[in-house]
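Okay, structure first, notes after.
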2 protein chains.
Amino acid sequence: MATVRRTPLNRDRVLRAAVALADEVGVAGLSMRRLAQQLGVVPMALYKHVADKEELLDGMVDVVIGEFDTPGPGLDWRDGVRARVLSARRAVLRHPWARQAIESRTRRTPTVLAYMNSVAGVLLDGGLSADLTHHVLHALGNRIWGFSPELFDEPRDENAPPPTPEQQQAMAAELSQRYPHILAIAMAATEGDLSRVGPGCDEEFEFRFALDLLLDGAERLRRGGWTSTAADPIATLRD
Amino acid sequence: MATVRRTPLNRDRVLRAAVALADEVGVAGLSMRRLAQQLGVVPMALYKHVADKEELLDGMVDVVIGEFDTPGPGLDWRDGVRARVLSARRAVLRHPWARQAIESRTRRTPTVLAYMNSVAGVLLDGGLSADLTHHVLHALGNRIWGFSPELFDEPRDENAPPPTPEQQQAMAAELSQRYPHILAIAMAATEGDLSRVGPGCDEEFEFRFALDLLLDGAERLRRGGWTSTAADPIATLRD
DNA sequence: ACCTGAACACCGTTCAAGT
DNA sequence: ACCTGAACACCGTTCAAGT
């Protein structure tokens, strides 16, 4: 009687369980064996519903993208894009593993295509040319430099004690000597109180800032009738 | 005599070998055991030079960041940032595994700090406030939406035959029905020849486009004397 | 100081077999 | 149609021992 299971497995149940497990233990902690155990099933049972671990991850990403909102037409195309993108961001924040998983995938599932199509539609309806829309879509996805930018946002170790004034002093001295420019920024960001360096930085603000720089640049290009056949894209922007 | 090894291991040799191995087989193929084998050594020998695999990856990322150029002062701060960022990009492209490895790391090694400091210095010297510099640094690192944007750039399977005209037709029909906006963009990008969809998209151009949108937006904020205490960052940009 | 051997607790995935 | 058992070829990492 211990072998009775009420609901038989299916792809959807497997994916949902995988998402829940990853929410709990991260991608690194997600294994086929552990997922099977969570489902009260032997590891090999999963392979009837998912080809391999890669496909499992693709499916999990689809689940997250399925949570994105695509709100109706707004007044301004920038607001329409912003609404979609911020909704995507909220979904990704709900699943801490999702950002990395998404960025490591390359498969273009229908879910991905549908979302891209929705954003592209807002841009085109807003009067951007297909050419400009194409480049803006790319711009939205480009990470400009090649290293982790979360200098200050990284979650501080909860168990670690807060830095003593002496440690702060030492840190400031080290920064001022070796990384003076970073110190200048840190001081501005924390209004002089370096102890707030961790949680003091509003990630949401930074995200909107980058987004608005891109959207506003695109709006200016649109007004100027920009096309990518122009020799140098920046030349059009410069007054 | 088979046990004689000319040069004893050290941290640097281990990291270099790891980078070379990852260049060859990717991060997924990089294991402590395989790296040890490459070095003609038993797996456990590595642990004298590297605490664990995490630290190995941190070290590998440092090697790549060490390849970034930090050219001397230029005429315009935008050119200074562009030079650094494009050099970083070239280094990352030289090591296909690096982008993902970098984005999954969170450790702030001295190498990372030194590079950030260098970029921050260019911005500050260019007359941006510490406040604006802070946000621009974040903007440069923000990926705006949460999925892999390489819709068209993904390397095509080399072994796969080129699509027949019939397949192209079918693909266009599918796109026009389900993803009409994506079709519009693809047509613009390939000048109507959908068979060029793979290699037809100039990734370098897209990168510079996004970069220039950000840099030019920052320049406009600088001229306007923008500060982040303004209620809505986009308000300043809108004319 | 640097490397080794044996062992532990894990992985993803195969195959043939069960119900 | 769906699940299981046993097995294979891997992992990262420990510990105590060798030279």
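Naming convention: chains lettered A, B, ... in sequence-line order (proteins, then strands); numbering from 1 in each chain. As the structure is a prediction and not an experimental result, all values here were calculated from the model.
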Rounding to an integer number of angstrom, what distance separates dA9(D) and dA9(C) when you compare their P atoms? 22 Å
D62(B) and L15(B): CA distance, side-chain angles, deciding distance, side chain to side chain contact (heavy atoms under 4.5 Å, CB included) verdict: CA-CA 9 Å; D62(B) 275 355; L15(B) 293 182; over 6 Å; no
Using whole Å, report how far CD of E55(A) lies from P of dT13(C). 11 Å
Using OP1 and OP2 only, check whether a side-chain N or O of K48(A) sits under 4.0 Å from dC2(D). no
For the residue pair Y115(A) and F68(A), does the interplanar ring angle fall in the parallel (under 30°), tilted (30 to 60°) or perpendicular (over 60°) class? perpendicular
Evaluate whether atom CZ of R94(B) has more than 12 neighbouring non-hydrogen atoms of other residues, nucleotides or ligands under 6.0 angstrom away. yes
Give the rounded distance in Å between these two atoms: CG of L39(B) and C1' of dC3(C). 13 Å
If the sugar-phosphate is the primed atoms plus P, OP1 and OP2 and the base is the rest, what is the B/S/- string for nucleotides 14-19 of chain D, using protein heavy atoms under 4.0 Å? B-----
Of the candidate nucleotides dT13(C), dT4(D), dT4(C), which contains the atom at the shortest distance from the side chain of P43(A)? dT13(C)
Give the rounded distance in Å between these two atoms: CG of N10(B) and C1' of dC3(C). 14 Å
Whole angstrom value for the distance that separates C1' of dT13(C) from CG of L35(A): 15 Å
R105(B) side chain to E54(B) main-chain N or O, any donor-acceptor pair under 3.5 Å? yes
Are any of H49(A)'s side-chain N or O atoms less than 4.0 Å away from OP1 or OP2 of dC2(D)? no
Mind listing the closest non-hydrogen atom pair of L137(B) and M116(B) along with its distance? CD1-CE, 4.4 Å
Mark yes or no for whether D52(A), through its side chain, and E55(A), through its backbone, hold a donor-acceptor pair below 3.5 Å. yes
Closest of dT4(C), dT13(C), dT13(D) to the D52(B) side chain is dT13(D)
Expressed in angstrom and rounded to an integer, what is the separation of K53(B) atom NZ from dC11(C) atom C1'? 12 Å
Quick check: do M60(B) and L30(B) have side-chain heavy atoms less than 4.5 Å from each other? yes
Quick one: E54(A) CD to dC11(C) C1', roughly how many Å, whole number? 15 Å
Decide yes or no for H95(A) and E67(A): does some side-chain heavy atom of the first lie under 4.5 Å from some side-chain heavy atom of the second? yes
Rounded to the nearest angstrom, tell me the gap between atom CG in L9(A) and atom C1' in dT4(D). 13 Å
Start with the C-alpha gap between L56(B) and L35(B), add the side-chain angles, then the distance that decides, and say whether side chain to side chain contact (heavy atoms under 4.5 Å, CB included) holds. CA-CA 11 Å; L56(B) 178 75; L35(B) 175 58; 3.9 Å; yes
When you measure from the side chain of R34(A), which nucleotide among dC3(C), dC3(D), dC11(C) comes out closest? dC11(C)
Take atom CZ of R11(B) and atom C1' of dA1(C), then tell me their distance rounded to the nearest Å. 18 Å
Please check this pair: side chain of D69(A) against backbone of P71(A), looking for a donor-acceptor N/O pair closer than 3.5 Å. no
Position toward the 5' end of DNA chain C (nearest nucleotide), R33(B) or L30(A): R33(B)
For DNA chain D, report each stem as range with range, ordered by first number, or say none. Use Watson-Crick or G-U wobble pairs under 3.5 Å, at least 3 in a row. C:4-8 with D:12-16, C:12-16 with D:4-8
